[in-house]
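Working notes for the structure below.
Atoms within each ligand, like the ligands themselves, are counted from 1 in listed order. Since the structure is predicted, the reported quantities are computational estimates derived from the model, not experimental observations.
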Amino acid sequence: MINTRFFVGLDDTDAPDMMCTTWLGTLLADLLEKSGMKVLSARLVRLNPTIPYKTRGNAAISLCIIGDPDHAFRLTCDLVERFSALSCDNTNPGIVVSIKKPPSAFYWKAVRSLCHIDEAKSLLAGCAIHFRGYKLGRGLIGATAAVSSDFPDHTWEYLAYRQINRLHVPREVDAESLRCSEELTWPHTWDTWDYDLDGPVCIPHTPDPVLFGIRGDSPFMVARAVSVIRSEQADMARIWMTNQGTDAHLVFCDHGMMQEGISYLVRGIVKEIPVTGKGGHVLFHLTRAGLIIPCMAFEPTKKFRDIVRALRPGDEILAAGSYLKNTLNLEKIFVFSAEPFVSIRAPLCQTCQKRMTSAGSGKGYKCRRCSARATDPEEIKEARTISPGWYEVPSGARRHLSRPCARGYVNPDPSYLPVSRERRSGHFTEKKN
Ligand code: ATP
């Protein structure tokens, strides 16, 4: 038996209606252990959430093993050929076996930006002992990123998998036990139960082999949460170390144009009162260094939209989200200041008790009925419903990579330069009586 420490990376084995790369990774790890090898760690690595080729959550896996890399490569190829969804047009598996870790810069590029297969192949040519791409071989990007991953911060996920002969029947997981599991272990576990929707979020809606996934801050805590869950018998389970819940995808934007498909943290000033559009999406604009950035809280973010609706012009915030179709899709915001908001409107005519209208630029106001005049507008002081702090989308709408507030409220880095106050825009609202 050869005793070498090496890494296996795997990605792009599934289709929307079947399989899951973590299931194949768990099967592989179990078989390697049965053959006498030692699995030192198992990583579930989430990559850029905006990648169009993804099936679901853009996940790849890597295993760190002590044993025989040639045997592990043969076994991985065998499993991929037997179980991956090769008949699906969008499934292009990639396998990497390497003793040396490729530079972590590749992982950071894959989690924050766009990579090309040739970049992965040229890195692998210099460091991998085996690699194989099936069909387009696009999975080599995720497999290389997983092997090169560097986790300055990490969390854990316990994934339980279904028996293969039950995939066609609905999952049996006792909802009440899931709620209890979160109550028992929160804030050390999160995203098991969505209190806004009053339902579980840890069970997939797709016909893949995952029974449930419990996320938390230690292997001990996720196992403790699982110990109270009542469900159908799981076939396999593994606790993955992961970059989920770490904000690894966010890039701080302090100048220049924002690029499509990148997820940003941007500090700016709210330009106008947010408006709710068709479908319940809430839109406002953020101003930052001459840029005007449309920010959207989509309907699935539910009660988070009430927070966004409570923003007022002049509020200084840090907004996190992916920039897609020229709009920042909000995941969370940090409110630096929510000062009393005063809006102005045309005054009431004291005689007619009707609202006056503008008499023209710089000419004050005029009553259209009795021609009475006034110079000053009426000021309306609005009580604020939000105060400084972080606000996040509910569990059910959270991106895998987004850091949940349950992990602690991290104050924004002081190096995030404050925005000059002069950029605050003026505001005027004319309310009809
Ligand atoms: P699941 O989460 O169920 O495993 P998935 O959502 O991870 O599925 P995949 O089937 O793995 O989706 O497809 C994602 C594809 O995108 C893979 O081929 C992966 O190599 C590739 N990919 C991932 N990140 C990037 C990136 N930053 N640039 C280019 N390609 C990427």
What is the nearest protein non-hydrogen atom to [atom], stated with its residue, atom name and distance?
atom	answer
atom 28 (N) of ligand 1	C115 N, 2.9 Å
atom 8 (O) of ligand 1	D14 OD2, 3.1 Å
atom 26 (C) of ligand 1	I51 CD1, 3.4 Å
atom 11 (O) of ligand 1	D11 OD1, 2.8 Å

Pairs of nitrogen or oxygen atoms closer than 3.5 Å, one from [X] and one from ligand 1: do any exist?
X	value
N48	no
T13	no
L114	no
K54	no
S113	yes
G142	yes

Counting only heavy atoms, which portion of C20 has something under 4.0 Å from ligand 1: side chain, backbone, both, or neither?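 Neither; no heavy atom under 4.0 Å.
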Which bit of L47 gets closer than 4.0 Å to ligand 1, counting heavy atoms only: side chain, backbone, both or neither?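 Near ligand 1, L47 shows its side chain, while the N, CA, C and O stay back.
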Give, for atom CZ of R43 and atom NE2 of H154, the distance between the pair rounded to the nearest 0.5 Å. 8.5 Å
Give the single entry among N58, D12, I141 that approaches atom 23 (C) of ligand 1 most closely by any heavy atom. N58
Taking the minimum heavy-atom distance to atom 10 (O) of ligand 1, which of T55, T91, N92, V210 ranks first? T55
Is R407 paired with D247 through a side-chain N to carboxylate O contact shorter than 4.0 Å? no
Near W186 CH2, under 6.0 Å, is it more than 12 heavy atoms from other residues, nucleotides or ligands?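 Atom CH2 in W186 is not crowded, with 12 or fewer foreign heavy atoms closer than 6.0 Å.
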